[in-house]
Amino acid sequence: MYNKMERSSKFMGEMALLNESVLWEGKPFNFGFPSFTHYKITERRIIVEKGIFTKRREEIQLYRIRDITLKRNLLERMLKIGDITVLSTDTTAPSYLLRNVRDSVRVSDLLGQAAESARLKYRAQELTEIQIQ
């Protein structure tokens, strides 16, 4: 019974992803060591899955993103990797760090454009963005 429910919930999660296109996905660059973290950016959300035996999945809706910061030191610039910090209005993870992302400048720009598109699509604006006429 449990296995059937587990397969059903996995199927429903895959069906939800079928309705949204994946803009980028990847793993952190760990200098040759295996990584058990997987990042995925879709047109609606950021999905982060971590773990080997126990998987933990976190999601941040793109329309909730307020700011994106990219940090790279000299070695990281040479390797074209960097840490992307996402600040959002999400209650569980208001600040989230995507570590050692390959081609981090492109991913950061892509994430910013996707967040802006999601805000326009879902008409999610901050109080400072609303103009009263």
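A quick note: this is a predicted structure, and the numbers were derived from the prediction, not measured.
Within 6.0 Å of CZ on Arg99 lie no more than 12 heavy atoms contributed by other residues, nucleotides or ligands. Within 6.0 Å of NZ in Lys71 there are more than 12 heavy atoms belonging to other residues, nucleotides or ligands.
Two residues are said to be in side-chain contact when any heavy atoms from C-beta on lie closer than 4.5 Å; Ile81 and Ser104 fail this criterion. Inter-residue side-chain proximity for Arg102 and Lys80 is flagged as unmet; no heavy-atom pair is nearer than 4.5 Å. Using a 4.5 Å heavy-atom threshold, the side chains of Asp90 and Gln61 count as separate. Residues Leu111 and Trp24 fail the side-chain proximity criterion, which asks for heavy atoms closer than 4.5 Å.
One distance of note links OG1 of Thr37 with CD of Glu58; it measures 10.0 Å at 0.5 Å rounding. In this structure, OG in Ser95 is found 8.5 Å from CD1 in Ile60, a value given to the nearest 0.5 Å. Rounded to the nearest 0.5 Å, atoms OG (Ser35) and CG (Asn30) are 4.5 Å apart. For the atom pair Gln113 CD and Leu62 CG, the distance stands at 12.0 Å (nearest 0.5 Å).
Remark: the backbone N or O of Pro28 is not paired with any side-chain donor or acceptor of Asn100 at under 3.5 angstrom.
For the residue pair Pro94 and Thr91, the shortest heavy atom distance occurs at CD-O, 4.0 Å. Ala93 approaches Ser88 most closely through the heavy-atom pair O-OG, 3.4 Å.
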*Run the side-chain contact (heavy atoms from CB on, under 4.5 Å) check on Arg72 and Val105 step by step: do they pass?*
CA-CA 10 Å; Arg72 302 179 305 154; Val105 174; 3.6 Å; yes
_Stepwise side-chain contact (heavy atoms from CB on, under 4.5 Å) test for Ile84 and Tyr39_ = CA-CA 12 Å; Ile84 300 173; Tyr39 303 132; over 6 Å; no
_With salt bridge (Lys or Arg N to Asp or Glu O under 4.0 Å) as the criterion, how do Lys40 and Glu49 come out once you've worked through the C-alpha distance, each side chain's angles and the decisive distance to 0.1 Å?_
CA-CA 9 Å; Lys40 188 178 294 185; Glu49 289 185 347; over 6 Å; no
*Evaluate the side-chain contact (heavy atoms from CB on, under 4.5 Å) criterion for residues Val107 and Ile41: first the C-alpha distance (whole Å), next the side-chain angles of each, then the deciding distance (0.1 Å), finally the verdict.*
CA-CA 9 Å; Val107 174; Ile41 300 173; 4.0 Å; yes
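Taken together through direct or relayed side-chain contacts under 4.5 Å among Ile, Leu, Val, Met, Phe, Trp and Tyr, Met78 and Phe31 form part of one hydrophobic cluster. Residue Leu23 is grouped with residue Ile68 when hydrophobic side chains (ILVMFWY) are merged at heavy-atom distances under 4.5 angstrom, including chains of intermediate members. When the side chains of ILVMFWY residues are joined at heavy-atom separations under 4.5 Å, either directly or via intervening members, Leu110 and Leu120 end up in two distinct hydrophobic clusters.
Counting only residues at least two apart or in different chains, salt bridge (charged side-chain N to carboxylate O under 4.0 Å, His left out) contacts with residues 104-117 comprise Asp103-Arg106, Glu116-Arg119.
Salt-bridge annotation for Glu20 and Arg45: present, with a side-chain N of the basic residue lying under 4.0 Å from a carboxylate O of the acidic one.
Relative ring orientation between Tyr63 and Tyr122 is described as tilted, the plane-to-plane angle lying within the 30° to 60° band.
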